There are 2 protein chains.
Amino acid sequence: MQSQDLQHFIDHGHQVYLPHVSIDCAVFGFHENELKILLLKWKHLNGWSLPGGYILRTEHADVAAHRLLKQRTGLDQVFLQQYHTFSGPGRNKIQDSSRAIETNYHVVIPEDNWLKERVVSIGYYALVEYSKVTNPQPDALTETCAWCDIHELPTLLFDHQEMISEALKALRAQLIHHPVGLNLLPKEFTMLELQRLYETILDTTLDRANFRKKLLGLKILKKTGERPSGKAHKTPHLYSFDKRQYAKALKNGISFS
Amino acid sequence: MQSQDLQHFIDHGHQVYLPHVSIDCAVFGFHENELKILLLKWKHLNGWSLPGGYILRTEHADVAAHRLLKQRTGLDQVFLQQYHTFSGPGRNKIQDSSRAIETNYHVVIPEDNWLKERVVSIGYYALVEYSKVTNPQPDALTETCAWCDIHELPTLLFDHQEMISEALKALRAQLIHHPVGLNLLPKEFTMLELQRLYETILDTTLDRANFRKKLLGLKILKKTGERPSGKAHKTPHLYSFDKRQYAKALKNGISFS
DNA sequence: TGTTATTAGGTACAAAGTACACATTAATAA
DNA sequence: TTATTAATGTGTACTTTGTACCTAATAACA
């Protein structure tokens, strides 16, 4: 962001964006049998945060979330779910982020500026295919946008630790009624990869044979015919989601364990 | 509300309340085997709405919801759950309600007033004991506050029809992990009353014998010893929730059906 | 070519869910 | 007082689902 753009954002942003309301997104990916989350490292603040931003005055929050995600990941059609709105009066994002702006851009934000007022933040979580997000982009106030292992989170700013915990809870609850593999895995995958995804999200271990039976019983998977080579001793089958059956099953209601 | 108070609210409300954010509550009760919801009939607007209001600038949204509920129902310790935030840019509550204020109180609200701007609304649902809400109170803009049968809803203003649908969905989902009888029924109740509650919320019929077994299997009910008289042929036992066991079971996770 | 690691599939048992029958009991009627 | 009735309380047989673990098949590897 140019310095003059920033000044305009500070002075007139409240005319374009809805003040007092923001969005934060927990973007999940799955890589090497681990659940990852997309985080931003702030300039001049010692910590990381979830990607987020403001809602345009004429914009639905869902649309804003998609727009923000596109800016970070480049992706368009992302599985996105609102899960909770964080409304603590002590949310100090504003103070801290204002301070970061001032430090970075050598501007002073007036005390009565819209950026210094309290915000309520609508929390979304997103599920994306890890391999499609090769070069996540930081925003004006952050220097790095990167995947972090969910078990090795860095210091988090604001109330974003709680946001991630709640997003994980929501994801786990969702998993029961919604097979999330479609959104987190590449088009083709082995049964074991799908099982590892479930195990990672649910933070447990599952019986291989029974997992297989249950998932195939849902009738939402189909064999691709192809089999990967070079790794396992017996080459596993590759599966993909049968989108028709998947949509049909979702309507009738799916239940996993 | 006095006319001068109102003028103050219009002119200075934005200093006390957080603009652009509101709260709406779907308050559920259970009476005569029917699920009821608390609605407000507006003055000079042809329709009803959910109870709602604004958040104080220093107040958590959950606290605001409790405060607003107390004003309507008189109740203090209400089971309250945030379920969704409604953020459509076309939400016309503000325009309509401003018009209602102007019509009722013969004041004019300036175009740039905070009350005429878009709001994002945090949706809560509440579960209350019907018999404890004997005299629900309308607010300044409404003439009646009353229980309405969930199957016989009147014309609803704004996007409150959608809000109710979503609240019902959330309540149904909640019922699986959270026996809501504690919040919706009086202290003592028969097994059949509890069953009717479940049937009403889930909109289905359940086998009497199996429902009984399942609920008793949860170990969260206890017989009171007393039995009501005068109605049934064989007098049913009265049950109440064993709050200790209830809390314990909640921790370990409850699953219904 | 046999060994081994891994996947594919099967089976036997346990637990939970479902349908329905029967026993019990208090109000009601004869 | 006694039989009837309508509701509640309880049991049982059956079905479905879940769980543990075993065997067969197969591709990589020594």
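These numbers were taken from a predicted model, which means no experiment stands behind them. Values below: all heavy atoms of this structure, side chains included; hydrogens, waters and symmetry mates excluded. Throughout, protein chains are lettered first and strands after them, A, B, ... in sequence-line order, and every chain is numbered starting at 1.
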So which protein N/O to nucleotides 2-5 of chain C N/O distances come out below 3.5 Å?
from  : atom 1 : to       : atom 2 : distance (Å)
C:dA5 : O4'    : A:His233 : NE2    : 3.4

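- A perpendicular orientation is assigned to the rings of B:Tyr246 and B:His178, their planes being inclined by more than 60° (bins at 30° and 60°).
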When you check every protein heavy atom under 4.0 Å of nucleotides 9-15 of chain C, what one-letter string (B, S, -) results, 5' to 3'?
BBB----
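- Here the two rings, on A:Phe28 and A:Phe79, have centers that are 6.0 Å apart or farther.
- Atom CG of B:Leu238 and atom C1' of D:dT8 are 13 Å apart (whole Å).
- Counting to the nearest Å, the P atom of D:dG18 and the OH atom of A:Tyr198 are 13 Å from each other.
- When rounded to the nearest whole Å, the span between CG of A:Leu206 and P of D:dT17 equals 19 Å.
- Side chains of B:Ser121 and B:Ser22: a donor on one and an acceptor on the other come within 3.5 Å.
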Walk me through whether B:Gln174 and B:Gln81 qualify under side chain to side chain contact (heavy atoms under 4.5 Å, CB included).
CA-CA 10 Å; B:Gln174 173 100 61; B:Gln81 197 88 9; 3.4 Å; yes
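- Taking atom CE on A:Met191 and atom C1' on D:dA25, their separation rounds to 17 Å, with Å as the unit.
- With a 4.5 Å cut-off on side-chain heavy atoms, A:Phe211 and A:Met191 count as touching.
- Between the CG atom of B:Leu218 and the C1' atom of C:dA16 there is a distance of 13 Å, rounded to whole Å.
- Residues B:Ser49 and B:Trp42 have side chains that bring a donor and an acceptor to within less than 3.5 angstrom of each other.
- Taking the ring centre of A:Phe30 as origin, the terminal cationic atom of A:Lys36 falls outside the region bounded by 6.0 Å and 45° from the ring axis.
- The stretch residues 180-196 of chain B participates, sequence neighbours left out, in these side-chain hydrogen bond (donor to acceptor under 3.5 Å, both in side chains) pairs: B:Gln195-B:Glu199, B:Arg196-B:Glu199.
- Mapped onto DNA chain D by nearest heavy atom, A:Lys214 and A:Arg227 fall at different nucleotides, with A:Lys214 at the one closer to the 5' end.
- Taking the six-membered ring for Trp and the full ring otherwise, B:Tyr239 and B:Phe189 have centroids separated by 6.0 Å or more.
- Counting to the nearest Å, the C1' atom of C:dG17 and the CG atom of B:Leu215 are 14 Å from each other.
- Atom CG of A:Leu194 and atom C1' of C:dT7 are 15 Å apart (whole Å).
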